[in-house]
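Input: one structure, supplied below.
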Amino acid sequence: MPPDLPFVSNPAAGAVSSSYPWTGADEAVALLSVEAVQKYLNRSRASVYRYANTDPDTLNPPYDQTKLNPEVRRDKDDPLEFRPQEVRRFAEEVLGLHPTIQVQTPEETVTHDLMRQMLQELRAIRHLLEQRGE
């Protein structure tokens, strides 16, 4: 799981910029397409559509905290678009996915050993130079 949402501002990459009344005049909200949500959740396209809060009889169904709620659409043929915050909320609260960062210690290699020996030699040289300077 990625540590952060893929906040895409390029429409070709899966997001569409759109202005809303609650944002400033210059401020645009990048909405995520189904494809971008699919990549973020690491789920199939069909799963994203199953998770989405849609209804064939209602254009914009009311908010459902157990579903992935798309942005308001004006027409039933408009593509589904999602706010990054909503995708993150759904991933964490409903699916139980939490981004994790795993830090692994690197394997000891011959290169690491050689670099360590070089550092020790440089420190010894510095120490000798400092002693001669006194």
Side-chain angles (χ1 to χ4, degrees):
M1 181 101 183
D4 231 349
L5 276 174
F7 197 75
V8 190
S9 60
N10 179 0
V16 179
S17 290
S18 172
S19 293
Y20 287 93
W22 56 83
T23 62
D26 307 344
E27 192 177 344
V29 176
L31 298 176
L32 300 174
S33 67
V34 172
E35 291 80 16
V37 174
Q38 176 185 347
K39 287 178 186 174
Y40 177 71
L41 295 177
N42 196 23
R43 299 289 200 269
S44 69
R45 186 178 180 88
S47 292
V48 173
Y49 280 109
R50 275 195 306 273
Y51 297 150
N53 184 16
T54 58
D55 184 359
D57 299 327
T58 309
L59 180 61
N60 295 306
Y63 180 83
D64 182 353
Q65 66 181 11
T66 63
K67 296 277 193 175
L68 180 58
N69 296 285
E71 281 300 297
V72 174
R73 296 184 295 163
R74 293 189 177 128
D75 185 32
K76 68 180 180 87
D77 295 329
D78 286 347
L80 291 177
E81 298 171 334
F82 304 89
R83 294 182 132 247
Q85 297 88 341
E86 174 61 16
V87 176
R88 182 179 292 125
R89 179 207 62 84
F90 180 78
E92 291 175 355
E93 293 178 9
V94 178
L95 297 179
L97 302 175
H98 297 284
T100 57
I101 299 173
Q102 296 178 345
V103 178
Q104 298 176 346
T105 56
E107 295 180 21
E108 286 296 319
T109 63
V110 176
T111 305
H112 287 112
D113 190 41
L114 182 62
M115 297 286 280
R116 198 173 293 110
Q117 290 174 7
M118 289 170 56
L119 181 61
Q120 286 176 341
E121 285 184 38
L122 288 170
R123 285 181 178 158
I125 292 170
R126 180 180 180 184
H127 182 69
L128 286 172
L129 290 172
E130 287 176 349
Q131 282 181 345
R132 286 188 182 172
E134 291 177 357

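The figures here come from the full heavy-atom set of this structure, side chains too, leaving out hydrogens, waters and symmetry mates.
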Salt bridge check: are Glu35 and Lys39 linked by an N-O gap of less than 4.0 Å?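 Result for this pair is no, no salt bridge flagged.
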Smallest separation among heavy atoms of Thr66 and Phe90, with atom names: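 What the structure gives for the nearest pair is O-CE1, 3.7 Å.
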Without swapping roles, check the side chain of Arg89 against the backbone of Gln65 for a donor-acceptor pair under 3.5 Å.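 Yes, the answer is positive, given that a donor and an acceptor are paired below the 3.5 Å cut-off.
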Donor-acceptor contact below 3.5 Å, side chain Asp113 vs main chain Glu108: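 Not confirmed, Asp113 side chain does not pair with Glu108 backbone.
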Is atom CG of Asn42 surrounded by more than 12 heavy atoms (other residues, nucleotides or ligands) closer than 6.0 Å?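 For Asn42, atom CG is not crowded (no more than 12 foreign heavy atoms under 6.0 Å).
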Side chain of Asp64, backbone of Asn69: donor and acceptor closer than 3.5 Å?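 No; judged by distance alone, with no hydrogens or angles, the pair does not exist.
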Quick check: closest heavy atoms across Asn53 and Lys67, and the distance to 0.1 Å?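 Heavy-atom minimum between the residues: CB-CB, 3.6 Å.
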Single-linkage hydrophobic cluster Val34~Leu59, side-chain heavy atoms < 4.5 angstrom: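 No, it is not one cluster - the side chains of Val34 and Leu59 are not joined through contacts under 4.5 Å.
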Side-chain contact test, heavy atoms from C-beta onward, threshold under 4.5 Å: evaluate it for Glu86 versus Leu32 and give yes or no.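 When only atoms from C-beta onward are counted, Leu32 and Glu86 do not touch, as no gap falls below 4.5 Å.
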Which heavy atom of Val87 sits nearest to which heavy atom of Phe82, and what is that distance?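 Result for this residue pair: CG2-CB, 3.7 Å.
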NZ-OG1 distance between Lys76 and Thr54, expressed to the nearest 0.5 angstrom: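 One gets 13.0 Å once the value is rounded to the nearest 0.5 Å.
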Which atom of Leu31 lies closest to which atom of Glu71, heavy atoms considered: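 Scanning both residues, the minimum pair turns out to be CD2-CG, 3.6 Å.
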From Gln120 CD over to Met115 CE, what is the distance, rounded to the nearest 0.5 angstrom?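 Between atom CD of Gln120 and atom CE of Met115 there are 13.0 Å.
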Reported NE2-to-OG1 distance for the pair His112 and Thr109, which is rounded to 0.5 angstrom: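 Result: 4.5 Å between the selected atoms.
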Nearest atoms (heavy-atom pairs only) where Ala30 meets Pro84: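 Smallest heavy-atom distance, with atoms named: O-CD, 3.4 Å.
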To the nearest 0.5 Å, tell me how far Arg83 CZ sits from Leu68 CG.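 Interatomic distance, Arg83 CZ to Leu68 CG, rounded to 0.5 Å: 13.0 Å.
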Using the rule that Ile, Leu, Val, Met, Phe, Trp and Tyr join whenever any side-chain heavy atoms are under 4.5 Å apart, tell me whether Leu80 and Val94 fall into a single cluster.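 Yes; tracing contacts between hydrophobic side chains, which count when under 4.5 Å, links both residues.
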For the residue pair Arg43 and Gln38, what are the closest heavy atoms and their distance?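 Closest approach of Arg43 to Gln38, heavy atoms only: O-CG, 2.8 Å.
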